[in-house]
J.: 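Mind having a look at this structure? Questions to follow.
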Amino acid sequence: FTCRGKWYVLCLQLTDLHISHLYIHKSSTMSHVFYGALPDRCQGIEFDAIALDEKGNALFFKDEYLWNGYHGPAQLSNESFKELDDIHGIGHVDAAFRMHNIDNPDDHDHIYFFLDDKVFSYYNQSLEDGYPKDIQQDFPQVPSHLDAAVECPKGECVTDSVLFFKGMFKRSFKRGIKDKNWMKVKTWPNLPVCTSVLRWLEHYYCFHGHNFTRFHPITGEVNGPYPKDARHYFMRCADFGGYQTPKCSDVKIDAITSDDAGKTYFFAGTTSSSTSSQKTFTILGWKEVTNGVDAVFSYTGKLYMIKDDQVYIYKGDAHYSLIEGYPKTLREELGIEGHVDAAFVCPSEHTVHVIQGQNIRNIDLIATPRVVTQDVPLMLSGIDAAMCGSDGIKMYKGSQFYHYENMVTLTSRIAQMPQNITGSMFGCRD
Ligand SMILES: *[C@@H]1O[C@H](CO)[C@@H](O)[C@H](O)[C@H]1NC(C)=O
Ligand SMILES: *[C@@H]1O[C@H](CO)[C@@H](O)[C@H](O)[C@H]1NC(C)=O
Ligand SMILES: *[C@@H]1O[C@H](CO)[C@@H](O)[C@H](O)[C@H]1NC(C)=O
Ligand SMILES: *[C@@H]1O[C@H](CO)[C@@H](O)[C@H](O)[C@H]1NC(C)=O
């Protein structure tokens, strides 16, 4: 897949055997118009800074430009963060990170930018009162002219920390009590000098040149064949590495859901072996389900993923962390057994509809223990994925889908005509 228009991709190549891709569909589109030559990140750019915004979109900075997400053209960074060039003569963004500080809602999810000796704090694309400040006013002992910075929440680091990078040093800074902070300075000889660092789905990536190296945030260890070229992973470069958009008729949706915020997540592969030249991707960070998923549904702001007889529940916030105690078995979590083809919950309902072969099983998500309350045969078989939204229920089978207004029409004996998946739905070639 090449991500065009309004697609966000959350995928990372880990193994050539994997066939699933994960896409996040964002309903809003960018409306900027550009004139003149903009830098093209597919040419191989060394970014100045990378950070996630409060919605979980990755922001890539280079000079006065910004890329929002993993596809799309550059824009001027002052269009989104207009005060960043208010101070005359100040340079580009040296480092940026998104604060993770659950204990302090005034700080949590704010984005900090470091330019020369100044720090800017933004929330909802607005500069906070009192900023910019001198870096040391907010982060005592942290040097000016940083290379990179990244948040490191407790659980991934020993305590909630921010890692600052300058030269060969990594410094961690305990947040919260800014006047009683401590800082450790470490040297990580295995890590190249990082010009930007990104935490993406619980993994840590040091960017250098147009390459990146994944490292452990506590030890700095690098495991695996790094560096890798960022253009294969963190941006969609159509003509890079021979990557090709598959034809819509080859697409197979493995699992799909949309959350309360209107983001659609889908896992897709292709049915055609002739597209085997395609890069294969796996889900970065959702390391527990790197072999793809059978079904996914959203409920109360969480993503439920089903693979074989296991259920994984992820927090649906920007971090997508696995909820403690998971995975659990299908029997434990939903009171069913056997292969699940698809599953969906309709908006503001508390029933998950699980498709197993030619049956649809309704499970009350409020009842404990969970039991099947209804078991209805379906006209359709071989369903790959299903979702329910305000416009009804869609059942995906190969490169086609069936649209039903509601559960009544879905379970009626009236046959529906399938419709073809289109490029505007999934970014494939029509
Ligand atoms: C944004 O930056 C560009 C180029 O640096 C400049 O021409 C433009 O006037 C700036 N816009 C604003 C709103 O500051
Ligand atoms: C974000 O800012 C926009 C306008 O700039 C405002 O309409 C919206 O309510 C703000 N959202 C939050 C969560 O503060
Ligand atoms: C990027 O990594 C490749 C190895 O994967 C290496 O050959 C190349 O020199 C690196 N380029 C830069 C600019 O770091
Ligand atoms: C769906 O696609 C197939 C080819 O894949 C084509 O033959 C058929 O006419 C299409 N149907 C519609 C309704 O466009």
Side-chain angles (χ1 to χ4, degrees), residues 1 11-16 39-50 60-63 67 92 147-148 165 167-168 188-198 200 203-215 220-237 239-254 256 268-275 278-282 284 379-380 382-385 391-392 394-404 414-430:
F1 278 92
C11 28
L12 187 79
Q13 180 184 13
L14 288 188
T15 151
D16 285 331
D40 176 4
R41 57 180 157 175
C42 290
Q43 300 286 318
I45 279 181
E46 180 169 84
F47 296 105
D48 295 330
I50 309 174
F60 296 81
F61 291 88
K62 176 66 176 179
D63 299 329
W67 288 260
H92 55 71
D147 289 337
F165 294 79
M168 295 303 287
W188 284 341
N190 295 336
L191 208 57
V193 173
C194 312
T195 62
S196 50
V197 175
L198 175 66
W200 178 247
H203 291 298
Y204 291 79
Y205 300 92
C206 159
F207 287 73
H208 46 98
H210 53 72
N211 288 340
F212 69 94
T213 295
R214 191 172 117 187
F215 65 95
E221 272 167 38
V222 174
N223 282 308
Y226 291 99
K228 292 183 179 178
D229 194 312
R231 290 171 291 185
H232 278 302
Y233 301 87
F234 288 97
M235 54 209 76
R236 310 308 313 137
C237 296
D239 51 346
F240 195 79
Y243 195 81
Q244 278 226 328
T245 308
K247 280 171 39 196
C248 289
S249 55
D250 288 339
V251 168
K252 178 179 168 296
I253 307 299
D254 295 328
I256 186 165
T270 57
T271 52
S272 157
S273 56
S274 68
T275 58
Q278 255 192 276
K279 288 274 176 298
T280 52
F281 290 82
T282 189
L284 172 59
M379 287 284 282
L380 297 168
I383 293 302
D384 297 320
D391 61 342
K394 291 196 183 89
M395 308 278 274
Y396 295 87
K397 180 175 176 176
S399 61
Q400 295 188 311
F401 72 96
Y402 297 81
H403 188 191
Y404 299 90
I414 303 159
Q416 285 272 354
M417 284 296 289
Q419 301 173 50
N420 289 341
I421 285 172
T422 64
S424 65
M425 299 165 71
F426 294 106
C428 46
R429 272 188 294 138
D430 285 316

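Just follow the structure's listing: the first ligand is 1, and inside any ligand the first atom is 1. The basis for the numbers below is simple: all heavy atoms, side chains too, and nothing from hydrogens, waters or symmetry mates. The first residue of the sequence shown is numbered 1, and numbering continues consecutively from there.
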J.: Check side-chain contact (heavy atoms from CB on, under 4.5 Å) between Thr195 and all other residues, then give those that pass, not counting sequence neighbours.
T.: Glu46
J.: Would a line drawn from the ring center of Phe234 to the ring center of Phe60 be shorter than 6.0 Å?
T.: no
J.: Report all N/O contacts between ligand 4 and the protein shorter than 3.5 Å as a table of atom names and distances to 0.1 Å; if there are none, say 'none'.
T.:
| unit_1 | atom_1 | unit_2 | atom_2 | d |
| --- | --- | --- | --- | --- |
| ligand 4 | 2 (O) | Asn420 | OD1 | 3.4 |
| ligand 4 | 2 (O) | Asn420 | ND2 | 2.3 |
| ligand 4 | 11 (N) | Asn420 | ND2 | 2.8 |
| ligand 4 | 14 (O) | Asn420 | ND2 | 3.3 |

J.: Measure the NE2-CE distance between His403 and Met417 for me, rounded to the nearest 0.5 Å.
T.: 15.5 Å
J.: With sequence neighbours excluded, tell me which residues meet side-chain contact (heavy atoms from CB on, under 4.5 Å) with Asp48.
T.: Lys62, Asp63, His92
J.: Can you sort out the partners of Asn420 under side-chain contact (heavy atoms from CB on, under 4.5 Å), two or more places apart, ordered by chain and number?
T.: Gln400
J.: For Gly209 and ligand 3, does the shortest N/O to N/O distance drop below 3.5 Å?
T.: no
J.: Considering non-hydrogen atoms only, spot the tightest contact between Cys194 and Asp147 and give its length.
T.: O-CB, 3.2 Å
J.: Where is the tightest heavy-atom contact between Ala385 and Ile256, given as atom of each residue plus distance?
T.: CB-CG2, 3.8 Å
J.: Considering distance alone, does some N or O of Asn211 sit under 3.5 Å from an N or O of ligand 3?
T.: yes
